[in-house]
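See structure below.
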Amino acid sequence: MAEKITPRNVDYSRWYTDVVLQAKLADYSPVKGAMVIRPNGYAIWEMIQQNLDRMFKETGHVNAYFPLLIPESFMRKEAEHVEGFSPECAIVTIGGGQELEERLYIRPTSETIIWSMYKKWIMSYRDLPILINQWANVMRWELRTRLFLRTSEFLWQEGHTAHAAYQEAEEEALKILKIYKTFAEEYLAIPVIAGKKSEAEKFAGALHTYSIEAMMQDRKALQAGTSHNLGQNFAKAFDVKFQDKDGKLQYVWATSWGVSTRLVGALIMTHADDNGLVLPPKIAQRQIVIVPIWRGEEEKKQVLAYANEVKETLGKEFTVILDDRDQYKPGYKFAEWELQGIPVRLEIGPKDVAKNGMVMVRRDLMKKEFIPKNGVLETVRGTLERMQKEMLENARKFQQEYTHIVDDYKEFKKTIEEEGGFVKSHWCANPECEAKIKDDTKATIRNIPFDREEEKGKCIICGSESEGRVIFAKAY
RNA sequence: CGGGGCGUAGCGCAGUCUGGUUAGCGCACCUGCCUUGGGAGCAGGGGGUCGGAGGUUCAAAUCCUCUCGCCCCGACCA
């Protein structure tokens, strides 16, 4: 291989970087901590946007846009919030060549500026709920950065809703988490565990935080989406009250929720292999590549005419690339499209033309299979559907294989240290026990799964009563 | 901020210790021929303020001084 990807078992993090760079998903920018998202990478983000945006709108949400710059005084209004975010904020101090009277934060998230506006817009219960989402960039200054996973500037969507009652906000936060889970599994083919964050891990300024957690191929956890019930914290900070049906003034109830370009990193670390990216069909903007093979002009003409017919047939339903470049040999093209993760490759040479068929290769399996030209659209459609399904199943098997049930702390440490993955253990809900585990092992509580079994037990640290198991793992 | 390393073609590097024609190699790129079922071959070609500034010297990528930038390792985070 001329273009090398470091194999996963040699150096997982170099493998990741190699895949991102070689598949042309992103590149390093002149500004440290920032990245350029290249067309191949942005195409993935667009697919994420399109599908999530549709799902948000189907549940009554609308899009809007709030400013990038936030007055410092706004950030300071919610104590926990400013404390949580201040260390990672970039601040504008000069504008128009002059020192600003009030410094402006480049948004690390938009709760404060949005709630300053909600104050203007909300008077009565009739104004509620407000279900606004925005697609935007945010900035959180980072020292140790990794493409897609942790960059100072990243793209995301942030939903900010306002409600008349606690219960409504709670339902909203859970509804969104459900959407995230559905999207992650059905589109990205990433199995996730939905649950509630512990107090220590929740969002700065939230009442409850919920998350979906995925397991990467190195068995580390990655938070793939979060949703917060913010209670009345921001309403109180920004003095946002509404008059209820009884004529009484109440503070508004809030949620916020988001997923980011980090999902692209999750997609890579869930499915890609030593040959490069593997895209689930539903996320691939281009699902099929045809590589024609020929010797001499005569064959070239024949093969290309045939390949074009196939392209046209498949083009009714899918986006097809016909790679007829003359300067590269087929082997080179195979490798290149594999690198970019195109789900299905069709190889068409003189032998296939003679047999009225072609060779089909599924990117995740890499097995060659001869298929007839008759019914190629149905064959490929079926293959793509199976591929989508099996990618999720395989990832789920992997996740289950590395999910351990552990009741003894010695074994816990050993498992986290040697095996990695998710460890399900009892925990008494005391933050001190949680902190001790983090100090000892670097593992954190990923979440308290919604679907956990009711099972009385004893905290793995202190032995106190526990209502059920929580998920521990080392995380990105 | 503390410890280790590195700046030479788009990328990866050699050359620096021991100063000396025109600064070299691999990949990539361009042209042509030839090839095409798993990353071909041959020939020719383009591309460099040797990170920057100052100094020593007949002569500096090489020696000296200063400076800038980057990467790796230790406290927080979608």
Side-chain angles (χ1 to χ4, degrees), chain A residues 1-5 11 13-14 17-18 21-22 27-33 83-89 107-110 136-146 148-158 180 197 200-204 206 209-214 221-228 256-266 275-276 291-300 303-304 323-339 345-355 358-359 361 366-368 370 438-439 442 444 475-476:
Chain A
M1 286 203 190
E3 310 283 342
K4 275 226 296 284
I5 293 183
D11 184 338
S13 82
R14 265 190 62 190
T17 305
D18 287 348
L21 295 177
Q22 305 259 19
D27 206 346
Y28 292 104
S29 87
V31 178
K32 181 173 153 64
E83 196 186 320
F85 279 108
S86 270
E88 41 182 328
C89 285
R107 65 180 162 219
T109 179
S110 303
N137 58 339
V138 286
M139 177 160 278
R140 299 178 187 179
W141 213 257
E142 295 286 354
L143 302 173
R144 302 266 296 110
T145 62
R146 298 195 67 191
F148 289 113
L149 297 175
R150 186 178 297 128
T151 48
S152 290
E153 182 187 2
F154 56 90
L155 305 183
W156 76 347
Q157 57 70 212
E158 47 179 327
Y180 287 160
K197 284 286 190 186
E201 297 285 330
K202 75 176 190 189
F203 178 73
T209 289
Y210 302 105
S211 75
I212 52 171
E213 302 284 333
L222 185 137
Q223 180 175 303
T226 52
S227 166
H228 318 287
S256 70
W257 28 275
V259 299
S260 71
T261 35
R262 187 178 225 201
L263 280 178
V264 178
N275 295 309
V291 177
I293 300 153
W294 66 74
R295 284 186 308 259
E297 280 305 307
E298 195 49 40
E299 277 186 6
K300 178 176 176 180
V303 165
L304 281 184
D323 187 355
D324 58 359
R325 291 176 298 175
D326 209 2
Q327 70 268 37
Y328 297 113
K329 290 176 49 171
Y332 180 93
K333 296 179 185 175
F334 297 165
E336 178 167 283
W337 294 113
E338 277 161 9
L339 197 51
R345 175 174 80 241
L346 299 172
E347 304 172 9
I348 297 178
K351 294 181 216 164
D352 304 297
V353 175
K355 286 188 285 184
M358 67 208 74
V359 170
V361 187
M366 302 275 276
K367 277 209 200 99
K368 299 201 181 197
F370 183 83
K438 189 172 178 182
D439 284 349
K442 288 189 176 150
T444 50
Y476 275 96

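Naming convention: chains lettered A, B, ... in sequence-line order (proteins, then strands); numbering from 1 in each chain.
- Using a distance-only test at 3.5 Å, with no hydrogens or angles considered, no donor-acceptor pair links the side chain of A:Glu88 to the main chain of A:Glu142.
- A donor-acceptor contact closer than 3.5 angstrom links the side chains of A:Glu158 and A:Ser110.
- By the 5.5 Å and 30° criteria, A:Phe334 is not stacked with the base of B:rG39.
- Nucleotide B:rA59: unpaired (no Watson-Crick or G-U wobble partner with both distances less than 3.5 Å).
- Base engagement by A:Glu142 is indicated by at least one non-hydrogen atom pair under 4.0 Å involving a base atom.
- For A:Thr145 and A:Gly225, each mapped to the nucleotide of RNA chain B holding its nearest heavy atom, the one lying further toward the 5' end belongs to A:Thr145.
- Note on A:Lys333: nothing from the nucleic acid sits closer than 4.0 angstrom, heavy atoms only.
- OP1 or OP2 of B:rG38 has not a single side-chain nitrogen or oxygen of A:Lys329 nearer than 4.0 Å.
- Look at the P atom in both B:rG24 and B:rG45: the space between them is 13 Å, to the nearest Å.
- Between A:Val353 and A:Ile348, the closest side-chain pair of non-hydrogen atoms falls below 4.5 Å.
- Looking at heavy-atom distances under 4.0 Å, A:Thr151 makes contact with a base.
- Cation-pi geometry between A:Arg345 and A:Phe334 is satisfied (NZ or CZ under 6.0 Å from the ring centre, within 45° of the ring normal).
- The residue among A:Arg140 and A:Arg295 whose nearest nucleotide of RNA chain B lies closer to the 5′ end is A:Arg295.
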